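As the structure is a prediction and not an experimental result, all values here were calculated from the model.
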Amino acid sequence: MGDLAGRTVFVTGGSRGIGRAIALRAAADGAAVVVAAKSDEPHPELPGTIHTVAAEVEAAGGRALPVRVDVRSEEQVDAAVASAVEAFGGIDALVVNAGAIHLAGTLDTPMKRYDLMQAVNARAAFLCSRACIPWLERSDNPHILTLSPPLRMEPRFFAPHLAYTISKYGMSMCVLGLAEELRERGIAVNALWPRTVIATAALRGLRGRVRPAQCRTPDVVAEAAWHLLTRDSRSTTGRFFLDEEVLAEAGVTDLSGYALDPGTEPADDLFVD
């Protein structure tokens, strides 16, 4: 059993990709994992549901609670948190991972896409954090970890996909604000972002710009997340981390095992040099 043994980790967007990888990494320690996502039935093109990941969590040594939740719905988020508390007695960590992406310029971004990204990204980060805070306050090592980029106010990060950047930076602004608001309560609030493109469903939006061989697996982000979630919550808050930096601090410098093609240089993420 490891450092998350006996703790409850609530993961939004936990049915696939980075959320699934973080759930399984926590499960390897013996954590209880709330797999919160919309996908409760198989998708014709995208693998993974809350139920398949829950089974993987239990096979990895953790306890699992699959919960169907649309993070745009206050009622569903509140109900999911209540179910988690009923099942496991509390919440020690919230991983804000669920996200929506549409990489396009302003004229090619319908307002329904703009609204979706604002709701699933920025608004849900606020909503899910708000719902979990009363329970995080009761933990002896509480964390909110948001998958969002460093706040760098440079035009090149906005111009190609303004609507998407606004929504992701909204998540990052939640990190800054909540970290200071919750500092005296001992709740760590940090952001984690991959330096390179990760092989997830979002890769479809990068067709023509990034090949799968240029990607790393979600496990590299999950390992970095584990290192942050196992820190003393009063030691680090309000920080924006890249996965490589976290792993380097832990002495992990050889990341070839996370590459889809170890012989190919990984492509930089959209928000990273």
Side-chain angles (χ1 to χ4, degrees), residues 10-14 17-19 21-22 36 71-72 77 93-104 106 109 113-133 136 142-183 185 187-198 200 202 205-206 218 220-222 224-225 227-229 231 233 235-247 249 268-273:
F10 191 111
V11 184
T12 70
I18 291 173
I22 292 174
V71 293
R72 296 172 293 180
V77 169
L94 166 66
V95 178
V96 182
N97 167 73
I101 184 170
H102 178 73
L103 298 176
T106 300
T109 302
R113 288 289 181 181
Y114 180 97
D115 292 340
L116 175 67
M117 287 188 287
Q118 287 295 326
V120 174
N121 297 345
R123 183 179 184 275
F126 182 93
L127 170 60
C128 294
S129 298
R130 181 178 182 275
C132 289
I133 287 169
L136 292 169
H143 289 263
I144 297 174
L145 183 62
T146 298
L147 276 295
S148 64
L151 281 169
R152 300 175 61 182
M153 296 301 165
E154 299 179 32
R156 62 196 176 106
F157 295 131
F158 288 86
H161 34 70
L162 176 58
Y164 177 63
T165 301
I166 290 172
S167 69
K168 294 302 292 188
Y169 275 31
M171 297 174 73
S172 298
M173 291 170 70
C174 283
V175 170
L176 271 186
L178 286 173
E180 193 61 28
E181 180 180 350
L182 303 176
R183 185 182 299 274
R185 304 187 211 182
I187 301 175
V189 187
N190 294 293
L192 175 63
W193 196 246
R195 189 191 70 76
T196 65
V197 177
I198 302 298
T200 68
L206 292 171
V220 67
V221 184
H227 282 282
L228 293 176
L229 294 175
R231 291 187 180 187
S233 63
S235 70
T236 307
T237 193
R239 296 275 303 279
F240 290 83
F241 294 95
L242 296 181
D243 54 356
E244 282 191 1
E245 296 172 346
V246 176
L247 295 178
E249 286 180 19
D268 287 342
D269 183 82
L270 296 169
F271 295 106
V272 180
D273 289 328

Asker: Do R185 and I133 come close enough that some side-chain heavy atom pair is under 4.5 Å?
Answerer: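 Counting from C-beta outward, R185 and I133 do come under 4.5 Å.
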Asker: Between E249 and R231, does any side-chain N to carboxylate O distance fall below 4.0 Å?
Answerer: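 Counted as a salt bridge, because a side-chain N and a carboxylate O are separated by less than 4.0 Å.
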Asker: In terms of the angle between their ring planes, are F271 and H161 parallel, tilted or perpendicular, with boundaries placed at 30° and 60°?
Answerer: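 Perpendicular: the ring planes of F271 and H161 meet at over 60°.
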Asker: Mind listing the closest non-hydrogen atom pair of C174 and A122 along with its distance?
Answerer: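 That closest heavy-atom pairing would be SG-O, 4.1 Å.
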Asker: With no hydrogens and no angle check, is any side-chain donor or acceptor of T237 less than 3.5 Å from a backbone partner on V189?
Answerer: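 Answer holds: yes.
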Asker: Would you say N190's side chain and R239's backbone share a donor-acceptor pair under 3.5 angstrom?
Answerer: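 Flag set: sc N190 to bb R239 pair under 3.5 Å.
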Asker: Can you measure from CG (N121) to OH (Y164) and round to the nearest 0.5 angstrom?
Answerer: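 Answer for the CG-OH pair, N121 versus Y164, is 6.5 Å.
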Asker: How long is the span from the OG1 atom in T106 to the CG atom in L162, to the nearest 0.5 Å?
Answerer: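 Between T106 OG1 and L162 CG, I get 5.0 Å after rounding to 0.5 Å.
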Asker: Using side-chain heavy atoms (C-beta onward) and a distance below 4.5 Å, is I22 in contact with L147?
Answerer: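 They are in side-chain contact.
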Asker: Do D115 and R123 meet the salt-bridge criterion of a basic N to acidic O distance under 4.0 Å?
Answerer: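 Salt bridge flag = no for D115 with R123.
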Asker: Does any non-hydrogen side-chain atom of I144 lie less than 4.5 Å from one of C132?
Answerer: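 Side chain of C132 against side chain of I144, heavy atoms only: no contact under 4.5 Å found.
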Asker: Is L127 close to V71 at the side-chain level, that is, under 4.5 Å between some pair of heavy atoms?
Answerer: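 With C-beta onward as the side chain, the pair stays apart.
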Asker: Considering non-hydrogen atoms only, spot the tightest contact between V77 and A131 and give its length.
Answerer: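 The answer is CG1-CB, 3.8 Å.
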Asker: Which label fits F158 and Y169: parallel for a plane angle under 30°, tilted from 30 to 60°, or perpendicular past 60°?
Answerer: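 It falls in the perpendicular class, over 60°.
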Asker: Just by modelled atom types, is the A98 backbone N or O under 3.5 Å from a matching donor or acceptor in the T12 side chain?
Answerer: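 A pair under 3.5 Å: yes.
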Asker: Restricting to ring-ring contact (aromatic ring centres under 6.0 Å, His included), what partner residues turn up for F240, sequence neighbours left out?
Answerer: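 F240 satisfies ring-ring contact (aromatic ring centres under 6.0 Å, His included) with no residue once adjacent residues are dropped.
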Asker: Looking at G17, is its backbone amide N or carbonyl O close enough to the side chain of T200 to form a donor-acceptor pair, meaning the two atoms are under 3.5 Å apart?
Answerer: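 The answer is no, because no donor-acceptor pair under 3.5 Å joins these two groups.
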Asker: Quick check: does any side chain N or O of D269 sit under 3.5 Å from a backbone N or O of V197, one acting as donor and the other as acceptor?
Answerer: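 No.
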Asker: Do the side chains of L176 and M173 get nearer than 4.5 Å, heavy atoms only?
Answerer: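 When only atoms from C-beta onward are counted, L176 and M173 do not touch, as no gap falls below 4.5 Å.
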Asker: Is the side chain of T196 donor-acceptor paired with the backbone N or O of D268 at a distance under 3.5 Å, no angle test?
Answerer: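 No; judged by distance alone, with no hydrogens or angles, the pair does not exist.
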Asker: So, S233 side chain and H143 main chain: donor-acceptor pair closer than 3.5 Å or not?
Answerer: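 Judged by distance alone, no pair lies under 3.5 Å.
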Asker: Would you check, one step at a time, whether the test side chain to side chain contact (heavy atoms under 4.5 Å, CB included) holds for S129 with L94?
Answerer: CA-CA 7 Å; S129 298; L94 166 66; 3.9 Å; yes
Asker: Write down the atom of S167, the atom of M117, and the distance for their closest heavy-atom approach.
Answerer: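 Looking at all heavy atoms of both residues, the closest pair is CB-O, 3.5 Å.
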Asker: Run the numbers on V220 and I198 for side chain to side chain contact (heavy atoms under 4.5 Å, CB included), then give the verdict.
Answerer: CA-CA 9 Å; V220 67; I198 302 298; 3.8 Å; yes
Asker: Minimum heavy-atom separation for M171 and A125, please, with both atom names.
Answerer: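 The pair with the smallest heavy-atom distance is CG-CB, 4.1 Å.
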Asker: A side-chain contact here means heavy atoms from C-beta on lying under 4.5 Å apart; do I166 and Y114 qualify?
Answerer: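 Yes - at least one pair of side-chain heavy atoms lies under 4.5 Å apart.
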Asker: Considering all heavy atoms of both residues, which atom of P149 and which atom of S172 are nearest to each other, and what is their separation?
Answerer: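 Heavy atoms of P149 and S172 come nearest at O-OG, 2.6 Å.
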Asker: Please examine the side chains of D243 and R195, heavy atoms only from C-beta on, and report whether any two atoms are closer than 4.5 Å.
Answerer: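 Side-chain contact under 4.5 Å: yes.
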Asker: Side chains of E244 and V272: closer than 4.5 Å at any heavy-atom pair?
Answerer: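 A side-chain contact is absent here, since even the closest heavy-atom pair is not under 4.5 Å.
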Asker: Would H227 and F241 count as a side chain to side chain contact (heavy atoms under 4.5 Å, CB included) if you check the C-alpha gap in whole Å, the side-chain angles of each, and the deciding distance to 0.1 Å?
Answerer: CA-CA 11 Å; H227 282 282; F241 294 95; over 6 Å; no
Asker: Report the C-alpha separation of L136 and L182 in whole Å, then their side-chain angles, then the decisive distance to 0.1 Å, and conclude whether the side chain to side chain contact (heavy atoms under 4.5 Å, CB included) test is met.
Answerer: CA-CA 10 Å; L136 292 169; L182 303 176; over 6 Å; no
Asker: Go through the structure and list residues passing salt bridge (Lys or Arg N to Asp or Glu O under 4.0 Å) with E180, not counting sequence neighbours.
Answerer: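 Per chain and number, E180 pairs via salt bridge (Lys or Arg N to Asp or Glu O under 4.0 Å) with R183.
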Asker: Quick one: pull up CZ in R152 and CG in D273 and give me the separation to the nearest 0.5 Å.
Answerer: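 It comes to 4.5 Å.
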Asker: Where do A119 and R72 come nearest, in terms of heavy atoms and distance?
Answerer: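 It is CB-CG, 3.6 Å.
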